[in-house]
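For reference, the structure is listed below as structure tokens.
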Amino acid sequence: MKLKLSTALAGATLMLAAGSASAQEIRVMCGADGNGCEIWEDILTGFEEENPGVDIVMDVVPYNAILENLPVQLAAGTGPDIAGVTDLGGLNEYYLDLTPYVDADYWNNSFGDFLNWYRAGPDDTGIYGLHTQLTITGAYINRTLFDQAGVAVPAADADWDTWAAATREVAEKTGVEYPMAMDRSGHRIAGPAISYGAQYFDENGDPILVDDAFEAYVAKFVGWHEDGTMAREVWAGQGGNSYQDASKEFINGELVYYYAGSWQVGRFDEEIGDFFDWQVVGSPCGVGGCTGMPGGSGLVGFKQTKHPEMVAKALDFLARELNYTEMTARTRNIPAHLGVAESGVDYVDASDTAAAALNAWGAQLPKISPIAFAYQGHPQNRAMFNITVQRVTQAIVGELPLEDAMNRAKDDLAAVLAETK
Amino acid sequence: MLSVLSSIMRIVEIPMLFLQHKLGINRLAWVFLAPNLILFGVFTFLPIFISAVYALTGGDKILLEDRPFVGMQNFRTLGDCGNFLDPDTCRSDFFWRAVWNTVWFVILQVGFMVGLSLLTALILNQKIRARGFFRAVFFFPVLLSPVVVALIWKWVLQKHGVLNAVLEGVGLEGHSWMLDSTWAFGWSVFLSVWAHMGFYTLILLSGLQAIPRDVYEAALMDRASPWRTFRRITMPLLAPTMLVVLVLALIKGVQTFDEVFAFTGGGPGSATTLIVQYIYQTGFAGAPRLFGLASAASMMLAFVLIVLTALQMRANRRSFNG
């Protein structure tokens with residue numbers, strides 16, 4: 001009996017040892033805020049087949065864990081091999097440079113400026129991330145309400161004042177509660193501010209956040225909250241830097257014009273159905289153009305991985321045009337891969353409305369201002385988004401006069417830059 | 001069975017006798033205290049010490065070795081104020097808004113909490129019908145998770161919520177309760193009192209039941225009025241329990257975070273941002289994560305809590321000594 005037991009134990013130990021010697025386990029931390037995780041996992045099974053002995057393990061975690069726990073894990077050296085991140089430049093110090101393992105020309109030609117978002121600065125030429133989800137901020141309208149009210153939808157080059165007047169008229173004629181709403185986010189308000197001339201950076205490329213144009217747009221924005229044009233619940237109903245959207249109000253048909261972004265297409269398609277007609281109208285125009293903010297998320301590998309080559313190969317596998325196209329079509333995203341964008345994506349499972357919306361968002365891409373691209377790629381952009389949200393909210397609820405709130409925003413930014421230099 | 005137990009006890013006794021022989025009877029106490037001390041040390045005292053060290057460092061790095069030593073700079077940043085009563089004159093205006101919100105919150109919450117708990121305890125101490133049922137009803141909110149409490153009241157108070165529906169149903173006008181700073185703060189106090197009142201009611205009820213009946217009987221024979229009985233008998237004899245309730249409520253009030261954060265998110269603006277939320281946002285939910293500043297604010301909060309705890313211990317001693 002004793003002999004049998006020891007033989008079994010020895011056998012099991014040998015099997016475990018052999019297994020651990022041949023298998024390369026790649027752990028991917030993935031935020032559960034869409035269908036991306038399951039689709040990546042599905043496509044990566046092809047990678048596992050190409051590379052016997054490699055095991056991709058998808059750790060699906062709440063999105064907040066990516067924001068709050070991942071940086072701590074990375075600092076402690078206990079992070080995953082790959083993660084899906086949204087703080088693209090903020091975690092740069094931990095990124096694995098894929099350049100030695102991939103065809104750099106292919107990546108540079110395919111992803112162009114999107115690679116900059118993952119870099120430490122203008123002098124950094126490394127390849128760190130695969131931008132999997134390109135998003136663009138902009139507006140949706142409830143087309144049915146416009147038709148019912150008999151109000152013409154403003155032209156593509158209409159400014160915010162024109163949209164505000166039109167949506168107020170629609171709301172008044174249809175008895176709908178809210179003419180307009182914008183997500184409570186510093187990222188969301190940035191596109192309109194840039195359209196109205198905000199620069200965000202000085203001539204040296206250092207962040208300034210508040211300038212005359214920014215303040216002028218915020219004054220307009222605060223005014224719309226006072227006169228009832230903007231749904232007050234979204235910005236004034238929260239404190240701190242908490243995110244708040246107005247998607248429920250839009251889905252329930254209580255909102256005429258909703259400034260959010262391309263990531264809502266899937267949800268609207270699913271939840272609105274044929275309840276009413278909705279469409280993408282992009283971003284209103286101003287002296288600085290008609291820009292939204294680009295953004296999204298990407299997959300990055302980390303230096304601390306024990307399998308850097310396999311991590312790079314896995315990301316390279318997803319970056320292949322065929323795989324990237326499949327990933328984009330199934331997740332219903334706008335492609336950041338220039339080749340895929342040029343060829344067009346056939347969103348096979350999407351309804352006509354959703355496909356039209358996704359194409360409309362794709363058409364917004366050329367309108368994006370270089371300032372918006374630079375802002376999205378700046379390592380301190382999250383700090384700037386938070387400062388914007390907190391100080392603009394104070395002006396909306398009357399806690400601080402607008403001028404004081406803007407001066408405070410400048411001081412906050414100076415403090416952040418001093419703390420992180 | 002008994003013999004098995006006594007055999008086990010005899011086995012346990014051997015190392016104890018050995019330790020007693022080696023250490024002496026007084027030092028043996030430390031052996032029994034050690035498990036608890038280790039747990040407290042690792043999970044309470046060590047984090048406090050680490051937090052104190054972080055409070056003296058700056059930057060946004062997580063690991064201590066990457067953080068520059070800045071001395072008292074974080075405390076100076078928090079204390080840089082033209083007028084402490086006016087947060088707008090302070091460099092860290094959100095910190096001082098949170099401090100003053102917390103002060104007002106504690107004053108109102110503790111005041112209402114103690115007053116209403118006493119009133120409820122007095123009523124529940126009477127021989128009323130369905131007394132057991134009412135005792136359970138008042139205690140029930142204590143069992144709820146703070147997030148559930150917040151969501152229930154959010155549902156009641158939102159623009160298209162239950163309260164406005166009721167008001168509109170009786171011909172009155174609804175109100176945007178959560179968008180009005182004063183109302184949002186008032187409802188946060190109410191929600192907190194509603195959620196915790198049952199616990200303090202229970203303590204006061206046990207205090208009331210500990211008062212000997214014969215004292216009341218003597219007062220009745222002396223034809224003392226109910227008010228006089230309450231003032232001259234109930235209150236003095238309940239005073240030690242009241243003091244414990246007061247100090248406990250104060251400590252819990254200063255530490256309030258979860259239910260108010262889930263209820264209002266600290267808004268509108270910063271109208272309901274309390275000190276613990278400020279610490280959480282500065283250290284964890286903000287960008288960059290300013291652990292040094294958050295730790296400095298934690299140290300200041302810890303000082304206040306230590307003072308309140310000392311008061312509670314003193315109250316407990318007085319209560320124990322009669």
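Lettering follows sequence order; numbering is per chain, from 1. Atoms considered below: every heavy atom in the structure, side chains included; atoms not considered: hydrogens, waters and symmetry mates. Remember, it's a predicted structure, so these values are computed and weren't measured experimentally.
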Chain A contact via [X] - which portion, at a heavy-atom distance below 4.5 Å:
X      : answer
B:F94  : side chain
B:L293 : neither
B:T264 : backbone
B:D180 : neither

Is it the case that atom [atom1] in [X] sees more than 12 heavy atoms from other parts of the structure closer than 6.0 Å?
X      : atom1 : value
B:F69  : CZ    : yes
B:F49  : CZ    : no
B:K154 : NZ    : yes

Practice task
Measure the CD-CG distance between A:Q380 and B:D60 for me, rounded to the nearest 0.5 Å.
Solution key: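 Those atoms lie 7.0 Å apart.
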Handout entry: Gap between atom CZ of B:F284 and atom CG of A:L67 - 0.5 Å precision
Key =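 CZ of B:F284 is found 14.5 Å from CG of A:L67.
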Given the options [options], which has more heavy-atom pairs under 4.5 Å with chain A than any of the others?
options                       : answer
B:D66, B:D88, B:T273          : B:D88
B:Q281, B:R97, B:Q277         : B:R97
B:S176, B:G59, B:S181, B:A285 : B:G59
B:A287, B:G266, B:G267        : B:A287

Find the one option among [options] whose heavy-atom pairs under 4.5 Å with chain B are most numerous.
options                        : result
A:G240, A:A418, A:S242         : A:G240
A:M384, A:Q244, A:R382         : A:R382
A:D411, A:T393, A:L400, A:I396 : A:L400

Handout entry: Proximity breakdown for A:E93 and chain B, heavy-atom pairs closer than 4.5 Å
Key =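 The side chain, not the backbone.
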How close do [X] and [Y] get, counting heavy atoms only, and between which atoms?
X      : Y      : answer
B:P268 : A:V397 : CB-CG1, 3.8 Å
A:R408 : B:T89  : NH2-N, 4.2 Å
A:P71  : B:R289 : CG-NH1, 3.7 Å
A:V72  : B:I62  : CA-CD1, 3.5 Å
B:Y280 : A:E68  : OH-OE2, 3.4 Å

Exercise for the section: Examine the side chains of A:E177 and B:H160 and answer whether a donor and an acceptor come within less than 3.5 Å of each other. Expected result: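 There is such a pair between these side chains.
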Exercise for the section: Check for a donor-acceptor pair, side chain of A:E419 on one end and backbone N or O of B:P288 on the other, with a separation under 3.5 Å. Expected result: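 Such a contact is absent between A:E419 side chain and B:P288 backbone.
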